[in-house]
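Data first, discussion second: the structure below is written as structure tokens.
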Amino acid sequence: MKLKIVFLVTTCLAVGVYGVLRMPKYYSNHMVLQRAPARAILWGYADVIGDTVIVLRNGVKVEETTVQKSGSNGSIDWFSALCSMFAPDLQKHLNYPIGIIESNWGGAPIEVWSSPDAINACPTTAKPSPSIHYPTDPGALWNSMIHPYLSMTIKGAIWYQGEAFSGHPDLYACQFPAMINDWRKKFHANSDGETSDHFPFGFVQLAPYRAGNTIGGFPPTRWAQTTDVGYVPNINMPDTFMAVAIDLLDFNSPS
């Protein structure tokens, strides 16, 4: 039985149960949940219909239960540099805590982050060649690294994909907005409408990776990132924003 718990103002929380309540592993101490007026939705699984769930906030201690203990030794050293820079900068302007979720797999093509609905919205393409570095089955990372978060209330998403998709820019011009629209639709539906169905979606323009005058295949790919319009937001990609990265690299840097 899937169980949802809703509350309005959150700083930190504890959960006490009479029975067995299994919470998703991504709920942890000191996590930041969505602030009012949006509702933060917590969910888990109960073995018995009628189990009582107590949700408290502001660090109030509750009775210890049969729930299995687990720990997390997360380190900022292994966290996304993009998220680590984006969130503090955003916090300075908003002046309230920002919670970020890292869900990434370097080099993975867009097909693996897309649901079947998003994949079917665009022309089919040959399955990517198997890789020892990342999954290549369509929907593989959607199933394991995006779908589990759909019930959460989120404010927006940022996306940074490298040159792995540069071989088929025309297809990407369809796949990218299809995935964005599908994420918005599904996060909205699964959070009981608390996540906006037009939440901001930001992405990084494909950056250069070597010095030289060779044009290569990247210009069409950068164009495809904007659905061949050249800028965002546009009629195909509303409520999106782009970080321009084409001029940021210093190829003479020792780092």
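We count residues from 1, following the sequence as given.
Contact check for Trp183 versus Ser115: no side-chain heavy atoms found under the 4.5 Å cut-off. Taking the side chain as every heavy atom from C-beta outward, Thr221 and Tyr172 never approach each other to under 4.5 Å. No side-chain heavy atom of Met237 sits less than 4.5 Å from a side-chain heavy atom of Phe201. Residues Tyr160 and Phe203 have side chains not in contact (no heavy-atom distance under 4.5 Å, counting atoms from C-beta outward). Put simply, the side chain of Arg184 reaches to within 4.5 Å of the side chain of Asp239, judged on heavy atoms. Residues Gln34 and Arg39 are not in side-chain contact: their nearest non-hydrogen atoms beyond the backbone lie 4.5 Å or more apart. Residues Ile110 and Phe176 meet the side-chain proximity criterion, which asks for heavy atoms closer than 4.5 Å. A 4.5 Å side-chain heavy-atom check between Trp105 and Pro135 finds at least one atom pair inside the cut-off.
Here Lys186 pairs with Asp117 in a salt bridge; the nearest charged N to carboxylate O distance falls below 4.0 Å.
Residue pairs that meet the side-chain hydrogen bond (donor to acceptor under 3.5 Å, both in side chains) test with at least one member in residues 224-235, sequence neighbours left out, are Thr227-Asn236.
Cluster annotation: Trp43 and Ile154 are assigned to the same hydrophobic cluster (Ile/Leu/Val/Met/Phe/Trp/Tyr, side-chain heavy-atom contacts under 4.5 Å, transitive). Under the 4.5 Å side-chain heavy-atom criterion for ILVMFWY residues, a single connected hydrophobic cluster contains both Leu150 and Met23. With hydrophobic clusters built from ILVMFWY side chains whose heavy atoms lie under 4.5 angstrom apart, Phe199 shares a cluster with Ile180. Linking ILVMFWY side-chain heavy atoms closer than 4.5 Å, directly or via other members, places Leu141 and Ile119 in two distinct hydrophobic clusters. Linking Ile, Leu, Val, Met, Phe, Trp and Tyr whenever their side-chain heavy atoms come within less than 4.5 Å puts Ile100 and Leu82 in one cluster.
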From CA spacing to verdict: side-chain contact (heavy atoms from CB on, under 4.5 Å), Phe187, Ser196: CA-CA 8 Å; Phe187 270 99; Ser196 171; over 6 Å; no
side-chain contact (heavy atoms from CB on, under 4.5 Å) assessment of Ser114 paired with Asp182: CA-CA 8 Å; Ser114 302; Asp182 186 67; over 6 Å; no
Trp159/Met179 under side-chain contact (heavy atoms from CB on, under 4.5 Å): CA gap, chis, key distance, verdict: CA-CA 11 Å; Trp159 170 270; Met179 186 199 74; 3.6 Å; yes
Derivation of the side chain to side chain donor-acceptor pair (under 3.5 Å) call for His133 and Ser131: CA-CA 5 Å; His133 302 292; Ser131 171; 5.1 Å; no
Criterion side-chain contact (heavy atoms from CB on, under 4.5 Å) on Thr153 and Leu33, from CA distance to verdict: CA-CA 8 Å; Thr153 308; Leu33 300 175; over 6 Å; no
Pairs under 3.5 angstrom only: tabulate donor-acceptor contacts from the side chains of residues 87-94 to other protein residues two or more places apart or in another chain.
none

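The main-chain N or O of Gln175 is never found under 3.5 Å from a side-chain atom of Glu111 such that the two would form a donor-acceptor pair. With Ser191 contributing its side chain and Thr195 its backbone, the two residues share a donor-acceptor pair below 3.5 Å.
In terms of heavy atoms, Val204 sits closest to Ala245 at CG1-CB, 3.8 Å. Closest non-hydrogen pair, Trp223 versus Gly230, comes out as CZ3-CA, 3.4 Å.
Scanning for side chain to side chain contact (heavy atoms under 4.5 Å, CB included) contacts around Phe241 gives Phe86, Ile158, Pro200, with sequence neighbours left out.
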